[in-house]
**Student:** 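I'd like to ask you about the structure that follows.
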Amino acid sequence: GAGSSRRLRHVSSVAAPPSKVSRLNAVVLGDALASKEDDLVIPNPDFSAQAHVHSPGKYLEMYERSIEDPAGFWSDIASQFYWKQKWGSPVYSENLDVRKGRIDIEWFKGGITNICYNCLDANIAAGNGDKIAIYWEGNELGVDATLTYNQLLHNVCQLANYLKDIGVRKGDAVVIYLPMLMELPIAMLACARIGAVHSVVFAGFSSESLSQRIVDCKPKVVLTCNAVKRGPKVIHLKDIVDAALADSAKNGTVVDVCLTYANESALEKESTKWVEGRDIWWQDVLSKYPTSCDVEWVDAEDPLFLLYTSGSTGKPKGVLHTTGGYMVYTATTFKYAFDYKPSDVYWCTADCGWITGHSYVTYGPMLNGATVVVFEGAPNYPDSGRCWDIVDKYKVSIFYTAPTLVRSLMREGDELVTRYSRKSLRILGSVGEPINPSAWRWFFNVVGDSRCPISDTWWQTETGGFLITPLPGAWPQKPGSATFPFFGVQPVIVDEKGAELEGECSGYLCVKGSWPGAFRTLYGDHERYETTYFSAFPGYYFSGDGCRRDKDGYHWLTGRVDDVINVSGHRIGTAEVESALVSHPQCAEAAVVGVEHEVKGQGIYAFVTLVEGVPYSDDLRKSLIMTVRKQIGAFAAPDRIHWAPGLPKTRSGKIMRRILRKIASRQLDELGDTSTLAEPGVVDQLIALADS
Ligand code: PRX
């Protein structure tokens, strides 16, 4: 299985010092402050004074309770939500050890609730009906809209009523393929309201990827729009959906309804291709439905959504999250990691097509009754000052983004930032990949005027919410470190053999015990769930990331240790790109590795062996790249194609990626032992072709 063939790398073997064993991976503030060589960024005392968690001592007190008494800790928090019926006993149950049987995680089982009710109705009942829920900023300057919590509820109810009317029931899948229009969070919430399971597919995925996901989860309906403008470009989403639906039908999944939002600023209705009987204009039907809709009460363990993500093999994995634990966890992490207060205006630049948009555009913030900015456009349109223009326009106080954006804006110069006030900013956030210290400093000093703590949140699609993150105001920060675990989370760093390392160490990042937001299975493939995540190091959840813990207990994420690469914060499986490449008629074999990239974090570097007799050419390079764009999406296009007369393989036929990585990054003096290769000569051939 995937677990046994995993290829581990990047981890330098640092022996664990025989330090005293501490259950809590001891965090000793005194040491951190005393150490001269570490660059500490001490929180401003005024900030700390107003923060939810104002000191390391307060954090430790809460953290210790969360570990010693998870049931009590999380019950107290869960009680602040609306439950139609309280959960039963025990509060949670778990088996995370494959040796003891089926992996199983349950939180608040027997509790009856609805996450949409908690996002909308509960906040309205608390008197926030007229508060702005969404500030929507369109692609073009001056195009915008707002929705209050009351208005958002009305829109959600109309869509929920429509979905019920066409036969969508509790437990049915609904695929959503929409850009960052308000209709995207509306669609998610409408599904949740009626107990349907949404599966949002990022609107940058190709028709083939969309079709693959449709065939896997078999939705009754697909929600989309006719087109969208991103920067100066019009993208015809409906055409992509048409192709995907035709493809799905060929593979036995016929979707009855394609509800299409007419986004007329991008494309007029008249120019949209239409399939009579299947396609319905969103605006034509929704206004006919009532603006209130009873909620479907669901069990805490009923599924909320599916989100496909990449792994080490070609087939994307349908990560399944359930309702109750996810609700409690996203809301709580949002509140503490961003020190959220009701007066904040919050903007997360992520797209709802990724987990960040699920947990920290839609659910986490709205459960807190927050005002959220939803931005349709591109951060460099009309110019690279757009983000700060938006920050000033809406008085954004919490700004959450990815290191790749920070690095790309950093290259454009400070003036594009400093010409805007940014006085409203209080907290900055980073997610998706390790943030390098120089980008961290620029973000802190220039964007945040050295005033705003940075929450570098480490987590994954699978974890539902933050696992390792600073709590602003609580801790001195170290640029580039995600710092310490969130409440209830026990990160452990293990060596190759799965032995827990203590103190200062470096190894594979695992988690001991469950937390409420953890995913419960891979849709339709519980066995793959167990082998991928729980078999590598039995007894633990294995994240796939490497991590170092320094002498002060701070965590430093070092990147993926499996065959997943992280391009601009997007997770891409090397196997997916390889299978797209080999589908090209002139490609005989392909091997893909990640290489360091100044802006994207990692770039995609592909070694390609052509079919016998086919000559190398730039046109062929372009056509290979096009194939990947078509099969996966533009974001997965290789940055570099390296012609490979042969690939370095062991005698048993296994590709030696370690060597390919060294060639790709031109570390030619670090190739190591190549004598075990079936044909050692291929290495020289590859080096000779490196700059061709
Ligand atoms: O390698 C880690 C990296 O992103 C991976 C998870 O990707 P995905 O499921 O797409 O979710 C991205 C948004 C949560 C992780 O395995 N990653 C995410 N956040 C960080 C990070 N690496 C370092 N620091 C982070 N803050």
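As the structure lists them, so they are numbered: ligands from 1, and atoms in each ligand from 1.
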**Student:** Near N566, which atoms of ligand 1 are under 4.0 Å from a heavy atom of that residue?
**Tutor:** 3 (C), 4 (O)
**Student:** What protein heavy atom sits nearest atom 14 (C) of ligand 1, and how far off is it?
**Tutor:**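 Checking every protein heavy atom, the shortest distance to atom 14 (C) of ligand 1 gives W459 CE2, 3.3 Å.
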**Student:** Verify the distance criterion only: is there a donor paired with an acceptor across the side chains of Y308 and K315 at less than 3.5 Å?
**Tutor:**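 Short answer, no.
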**Student:** Select the closest option to atom 24 (N) of ligand 1 among R571, E433, Q602, E462, judged by heavy-atom distance.
**Tutor:** E433
**Student:** In terms of side-chain heavy atoms, does D456 have a donor or acceptor partner in W440 at a distance below 3.5 Å?
**Tutor:** no
**Student:** Counting each atom of ligand 1 from 1 as listed, which ones have a heavy atom of I355 under 4.0 Å away?
**Tutor:**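 Listed by number with element: 11 (O), 13 (C), 14 (C).
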**Student:** Can you tell me which residue among T349, I355, T457, T401 is in a side chain to side chain contact (heavy atoms under 4.5 Å, CB included) with V431?
**Tutor:**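 Of T349, I355, T457, T401, side chain to side chain contact (heavy atoms under 4.5 Å, CB included) with V431 is met by T457 alone.
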**Student:** Return yes when P434 approaches ligand 1 closer than 4.0 angstrom through a heavy atom, no otherwise.
**Tutor:**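 So P434 counts as touching ligand 1.
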**Student:** Would you say S430 has any N or O atom under 3.5 Å from an N or O of ligand 1, going by distance alone?
**Tutor:** no
**Student:** Whether the Y605 and S665 side chains hold a donor-acceptor pair (N or O, under 3.5 Å, no angle test) is what I'd like checked.
**Tutor:**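 The answer is no; no qualifying pair exists.
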**Student:** Might you work through the side chain to side chain contact (heavy atoms under 4.5 Å, CB included) test for H358 and L307, ending with a clear yes or no?
**Tutor:** CA-CA 9 Å; H358 282 62; L307 184 58; 3.7 Å; yes
**Student:** Output, in order, the C-alpha distance, side-chain angles, deciding distance and verdict of ring pair (Phe, Tyr, Trp, His ring centres under 6.0 Å) for F519 and Y529.
**Tutor:** CA-CA 10 Å; F519 68 140; Y529 173 71; 4.9 Å; yes
**Student:** Does R560 pair with D562 as a salt bridge, N-O distance under 4.0 Å?
**Tutor:** yes
**Student:** Which residue holds the protein heavy atom closest to atom 4 (O) of ligand 1, what is that atom called, and what is the gap in Å?
**Tutor:** G432 O, 3.2 Å
**Student:** Identify the protein heavy atom lying closest to atom 8 (P) of ligand 1, giving its residue, its atom name and the separation to 0.1 Å.
**Tutor:**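 Of the protein heavy atoms, T461 OG1, 3.5 Å lies nearest.
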**Student:** Which atoms of ligand 1 sit under 4.0 Å from any heavy atom of L557?
**Tutor:** 23 (C)
**Student:** Counting heavy atoms only, which of V564, T558, T457 is nearest atom 26 (N) of ligand 1?
**Tutor:** T457
**Student:** Among all protein non-hydrogen atoms, which one is nearest to atom 13 (C) of ligand 1, and what is the separation to 0.1 Å?
**Tutor:** T356 OG1, 3.4 Å
**Student:** Taking 4.0 angstrom as the limit and counting only heavy atoms of D545, give me the atoms of ligand 1 inside it, by number and element.
**Tutor:**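 Here the atoms of ligand 1 in question are 1 (O), 2 (C), 15 (C), 16 (O).
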**Student:** With a 3.5 Å cut-off and no angle check, do the side chains of S514 and W107 form a donor-acceptor pair?
**Tutor:**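 Yes, a side-chain donor-acceptor pair sits under 3.5 Å.
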